[in-house]
Number of protein chains: 2
Amino acid sequence: MSATIDLGTIEPGGERTERRDAAANRALILETAETLFNERGVENVCMADIAQAAGVGKGTLYRRFANKAELALALMDTQMREFQEAMLSRMRQQSEQGLSKLEQLDQFLDALIYFVDRHNPLLCVVQNEGLLESVGEQERQRPHFWQHMTVSGLLNAAIDEGELPPDLDTIYVADALLATLNASLFRFQREGRHFSLERISAGLRRLAAGLK
Amino acid sequence: MSATIDLGTIEPGGERTERRDAAANRALILETAETLFNERGVENVCMADIAQAAGVGKGTLYRRFANKAELALALMDTQMREFQEAMLSRMRQQSEQGLSKLEQLDQFLDALIYFVDRHNPLLCVVQNEGLLESVGEQERQRPHFWQHMTVSGLLNAAIDEGELPPDLDTIYVADALLATLNASLFRFQREGRHFSLERISAGLRRLAAGLK
DNA sequence: GATAATAGCGGACTGTAGTCCGTTTGTCAA
DNA sequence: TTGACAAACGGACTACAGTCCGCTATTATC
């Protein structure tokens, strides 16, 4: 009766447990992709290459990952969760220490900048496929979604604390602040404009500071 | 000796004048593309369709427009120039009337929002191909480039007028404000979040207002 | 007008994304 | 075990982007 529901990598209820060979292939594909990406750079590896290097058919590859963006997202998954949890625990701690919500926002944005920088190539791939598609598609937006929750949450909390005026459009502002960290723009700022991380961080925090 | 250099659609010096058949084809392709885009929607038309409908070979099509983004850009070209000139003349006029630089910035951003909304489908195509490529590629960035010039120019002018603090990183801020108008994000805000143009405009201007 | 030089043309060709479907394999119940 | 059945597999196939190159048309010159 009660099937042992294994949560796998995706938590929403109702997921069936993955067959053993499928799980093995998923791991194999991820390893292979990571290796190839490191060897040749993300943009110089195509899906067929990955399938061949992993010794599986293209059908198998696409059954697991609908495209390169999903694959890239899966590769970042662990580090994203770690980052996410680190931020949450840090913010909890900071709240206890009485740090203001706006200062917490500052630090969150700063940390996010370093994260975006480190993972820029993968993020470029992820975002290329991103928001564009049918609006309902939430899977690939997961990173943005979480980031948006965090930023708008901090903004709302700041309003509650009287640090920001209550009429602020926090949903919009969160969008705007995060738009700044779009991977392609970020790359252009880093490589084309030769901005340092410090400059980007200072600029963004300045923008946030203007809200009060 | 002195060849009559026809400026064509692109002005940088050293351009040869286009052969008559080539010019005819360019016009034919643009017309055809516009029709197809209107009939089926930009994203449901591929380059081969356009070539076929125009009755030219793919080679011919690609000789004129390296990809759909360039084609889309060319289709917006006229309206973009008009918008650009309208803005410039309006700003000149506003300066004479003593309107502050920050108010001019507000109005520019507001107008830009309506422009981005009207041309969203084409802009999505243009930006998809955009910034990503080799950083040097300036042709396709033309819209961004011009917008960035305008915004950072206004910010610098505002500093000169004492409306903004002189230590403001105007280059960065211009990037940040414009990042907000990224076509994909914009579309998401409009269709996914159901934001009105007024809401977006108010939010963005609020952000700009915080700079002082 | 004839001719040479060259820009322009067309469509076959290559490479990649992503789908489809007949075959194989793992899992669960008897 | 074994058999049934769903899940997973592989690779041929379709669709689209973009390139290449031999042929054609235009234009400048005489």
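Just so it is clear: chains get the letters A, B, ... in the order the sequence lines come, proteins before strands, and each one is counted from 1. Computed over heavy atoms, backbone and side chain alike; hydrogens, waters and symmetry mates excluded.
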### Query
Under 4.0 Å between a Lys/Arg side-chain N and an Asp/Glu carboxylate O for A:Asp169 and B:Arg206?
no
### Query
Taking only residues at least two apart or on different chains, which pairs with a member in residues 31-41 of chain B satisfy side-chain hydrogen bond (donor to acceptor under 3.5 Å, both in side chains)?
B:Arg40-B:Asp49
Filtered N/O pairs between nucleotides 15-17 of chain D and protein, under 3.5 Å:
{"from": "D:dA17", "atom 1": "OP2", "to": "B:Met47", "atom 2": "N", "distance (Å)": "3.0"}
{"from": "D:dA17", "atom 1": "N7", "to": "B:Lys58", "atom 2": "NZ", "distance (Å)": "3.4"}

### Message
What's the angle between the local helix axes at either end of the helix from C:dG1-D:dC30 to C:dA30-D:dT1, using five pairs per end and rounding to 10 degrees?
### Response
10°
#### Entry: Spacing between A:Glu18 atom CD and D:dC9 atom C1', to the nearest angstrom
14 Å
### Message
Any heavy-atom pair between the side chains of B:Leu178 and B:His144 that's under 4.5 Å?
### Response
no
#### Entry: Separation of atom CD in A:Glu70 from atom C1' in C:dG18, rounded to whole Å
13 Å
### Within residues 113-124 of chain A or reaching into it, pairs that qualify as salt bridge (Lys or Arg N to Asp or Glu O under 4.0 Å) - sequence neighbours excluded
A:Asp117-A:Arg190
### Query
A:Asn128 has an atom CG; how far is it from atom P of C:dA17, in whole Å?
12 Å
### Query
Phosphate oxygens OP1/OP2 of D:dG10: is one of them under 4.0 Å from a side-chain N or O of A:Thr60?
yes
### With sequence neighbours excluded, residues passing side chain to side chain contact (heavy atoms under 4.5 Å, CB included) with B:Tyr62
B:Met47, B:Lys58
### Message
Measuring to OP1 and OP2 of D:dA8, would you say a side-chain N or O of A:Arg63 lies under 4.0 angstrom away?
### Response
yes
## Note on the structure
Looking only at heavy atoms, the pair that brings A:Gln107 and A:Arg90 closest together is O-NH2, 3.1 Å
### Query
Counting just side-chain N and O atoms, does A:Arg64 come under 4.0 Å of either OP1 or OP2 of D:dC9?
yes
## Note on the structure
To the nearest angstrom, the CG-P distance between B:Asp21 and C:dC9 comes to 5 Å
### Task
Go through the side-chain N and O atoms of A:Ser184 and A:Gln127 and say whether any donor and acceptor fall under 3.5 Å apart.
no
### Query
OP1 or OP2 of C:dT25 less than 4.0 angstrom from a side-chain nitrogen or oxygen of A:Arg20, does that happen here?
no
### Message
Whether A:Asn25 contacts D:dA8 is assessed here as follows: a side-chain N or O lying under 4.0 Å from the phosphate OP1 or OP2. Is that the case?
### Response
no
### Query
Between C:dG11 atom C1' and B:Leu61 atom CG, what is the distance in whole Å?
13 Å
### Message
For a quick check, tell me whether the side chain of A:Arg19 and the base of D:dA8 share a donor-acceptor pair closer than 3.5 Å.
### Response
no
### Query
Taking all atoms of both residues into account, what is the closest heavy-atom pair of A:Leu109 and A:Ala208, and its distance?
CD1-CB, 4.4 Å
### Query
Got a sec, which residues hit side chain to side chain contact (heavy atoms under 4.5 Å, CB included) with A:Met80, two or more places apart in sequence or on another chain?
A:Leu73, A:Phe115, A:Pro143
